[in-house]
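To keep things clear, I will list the structure first and then write my remarks on it.
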Amino acid sequence: MGRKVWLAVIFGGGLFFSFVALLVVGTYSAAAGLAGGSGGAVRLAKGAVPDIYQPIVQKWGNRCPSLNPALLAAQLYQESGWDPRAQSGAEAQGIAQFIPGTWATHGIDGNGDGKADVWDPEDAIPSAAAYDCDLASYVKNVPGDNTDNMLAAYNAGAYAVIRYGGVPPYRETQNYVRTIRTLAKSFAAPVGSVAPSQQAAGAIYFAQQRIGTPYLWGGEGTAAQGGRFDCSGLTQAAYASVGITLPRVANDQWNAGAHPGRNELLPGDLVFFANNLNDPRSIHHVGIYVGGGYMIDAPHTGAEIRFDRIDSPDYIGATRVTQAGAAALPAAAA
């Protein structure tokens, strides 16, 4: 990316590491106890949903009280990873992964062109929202949270939810409800302070120890690779060192937690860079924020792992990684 190494100019190595340690401690002391936020309408986080689908998801995600745009986005991401041509071995089709029988009953003409087409996101996304809301109405008298029951009905069927008086005791269904609820946090615009990560300091420490290591495309730090990394290999290994498993590719790591604003960054946040600032699928680089507008990153072939500024035209945003957020990512992304 052409960013310049600044370590030798501003700080000596040991002094800078002390600076980072103090910065992490100070920042987390200041952030302690900040979490959650006020209620209100759910908005999509900037850049969380590909721009071509963002208006549809925002509109149809508000179709009924038990659904919201972030929840709908999480389902679509879980089902297809935003691929409108996705097709599973079970014949699930399109961006919302409808099986033919369900589409025949619940598919709608979302864009008003006279045809309900499972392969057209302008039909499939509205259909997914409408189906969710139908399920919510089917289980509206079941005890418990209606959104949880709606998601359970999506996975196991409304009859199972009614029979068990709530989310049924199926491991797959319980995991599905928990996964979608967790993933939704990575698509929603935060309405308050985002809780700091408890593992962030350890991830930074890991990355610091690799400063000066030559970059390697596809590098994951193995002995055969001489302990070298590329950008997402470094961030993956840094968080693996504190027990969090991230996907291998940078644009999949984007959904491992909530997205704090530029003025809310804390050390340990992953910072991302993209070709299209409204499309997370175009993310091409990731680093670990250390404070003061800087990150540790593995920049490109011919460079070494180093400190770089994050403020550049291709900065798309940041992710505050959580154990639950990383675990909720689709298996295909890992």
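The chain is numbered in sequence order, starting from 1. Just so it is clear, the model here is predicted, and its values are computed rather than measured.
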ask   = Does a salt bridge link D279 with R281, judged by any charged N lying under 4.0 Å from a carboxylate O?
value =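 Yes, D279 and R281 are salt-bridged.
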request  = Look at K115 together with D109 and state whether they make a salt bridge at an N to O cut-off of under 4.0 Å.
outcome  =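 So K115 does not pair with D109 through a salt bridge.
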Any donor and acceptor pair, going by atom type alone, linking the side chain of [X] with main-chain N or O of [Y] inside 3.5 Å?
X: D51; Y: G47; answer: no
X: D308; Y: I296; answer: no
X: Q236; Y: G233; answer: no
X: E91; Y: S88; answer: no
X: S80; Y: A86; answer: no
X: R320; Y: V194; answer: yes
X: Q323; Y: G243; answer: yes
X: D230; Y: L234; answer: no
X: S282; Y: N276; answer: yes
X: Q75; Y: I180; answer: no

Going by heavy atoms in the side chains, are [X] and [Y] under 4.5 Å from each other?
X: T319; Y: Q253; answer: no
X: P260; Y: D269; answer: yes
X: Y176; Y: Y154; answer: yes
X: W254; Y: H259; answer: yes
X: F273; Y: V286; answer: no
X: I95; Y: Y53; answer: yes
X: Y77; Y: P330; answer: yes
X: R262; Y: D311; answer: yes

task = Assess the pair Y164 and Y170: is the distance between their ring centroids shorter than 6.0 Å?
result =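 Aromatic pair counts; centres sit under 6.0 Å.
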ask   = What about the rings of Y294 and F307, do their centers lie closer together than 6.0 Å?
value = no
If you round to the nearest 0.5 Å, how far is [atom2] of [Y] from [atom1] of [X]?
X: R178; Y: T173; atom1: CZ; atom2: OG1; value: 11.0 Å
X: I56; Y: L76; atom1: CD1; atom2: CG; value: 10.0 Å
X: M150; Y: S137; atom1: CE; atom2: OG; value: 11.0 Å
X: C64; Y: D132; atom1: SG; atom2: CG; value: 7.0 Å

inquiry  = For a quick check under 3.5 Å, do D314 and H284 share a side-chain donor-acceptor pair by atom type?
reply    = yes
ask   = Does a donor on one side chain sit under 3.5 Å from an acceptor on the other, for Q78 and T179?
value = no
request  = Please step through side chain to side chain contact (heavy atoms under 4.5 Å, CB included) for the pair K185 and T322, ending with a clear verdict.
outcome  = CA-CA 11 Å; K185 296 175 183 177; T322 66; over 6 Å; no
Return the minimal non-hydrogen interatomic distance between [X] and [Y], and the atom names on each side.
X: P247; Y: D252; value: CB-CB, 3.6 Å
X: L246; Y: A326; value: CD2-CB, 4.0 Å
X: A74; Y: A184; value: CB-N, 3.6 Å

For residues 121-128, which side-chain donor-acceptor pairs fall under 3.5 Å, sequence neighbours excluded?
unit_1	atom_1	unit_2	atom_2	d
E122	OE1	N111	ND2	3.0
D123	OD1	G110	N	2.9
D123	OD1	N111	N	3.3
D123	OD2	D117	N	2.9
S127	OG	I108	N	2.8
S127	OG	I108	O	3.4
S127	OG	D123	O	2.7

[X]-[Y] co-clustered via ILVMFWY side chain contacts under 4.5 Å:
X: W119; Y: Y131; result: yes
X: I52; Y: V49; result: yes
X: Y239; Y: Y205; result: no

Side chain to side chain contact (heavy atoms under 4.5 Å, CB included) assessment of I283 paired with N275 = CA-CA 6 Å; I283 288 171; N275 295 317; over 6 Å; no
message = Test side chain to side chain contact (heavy atoms under 4.5 Å, CB included) on H106 and D134; report intermediate values, then the result.
response = CA-CA 9 Å; H106 294 279; D134 286 346; 3.4 Å; yes
message = Walk me through whether L44 and V57 qualify under side chain to side chain contact (heavy atoms under 4.5 Å, CB included).
response = CA-CA 9 Å; L44 294 171; V57 173; 4.0 Å; yes
Using atom types as modelled, flag every donor-acceptor pair under 3.5 Å from a side chain in residues 215-222 to any protein atom, sequence neighbours excluded.
unit_1	atom_1	unit_2	atom_2	d
E220	OE2	R248	NE	2.8
T222	OG1	Q225	N	3.2
T222	OG1	Q225	OE1	3.2

For T213, side chain to side chain contact (heavy atoms under 4.5 Å, CB included) partners two or more places apart =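 If we apply the side chain to side chain contact (heavy atoms under 4.5 Å, CB included) test to T213, skipping adjacent residues, the hits are R210, R228, I305.
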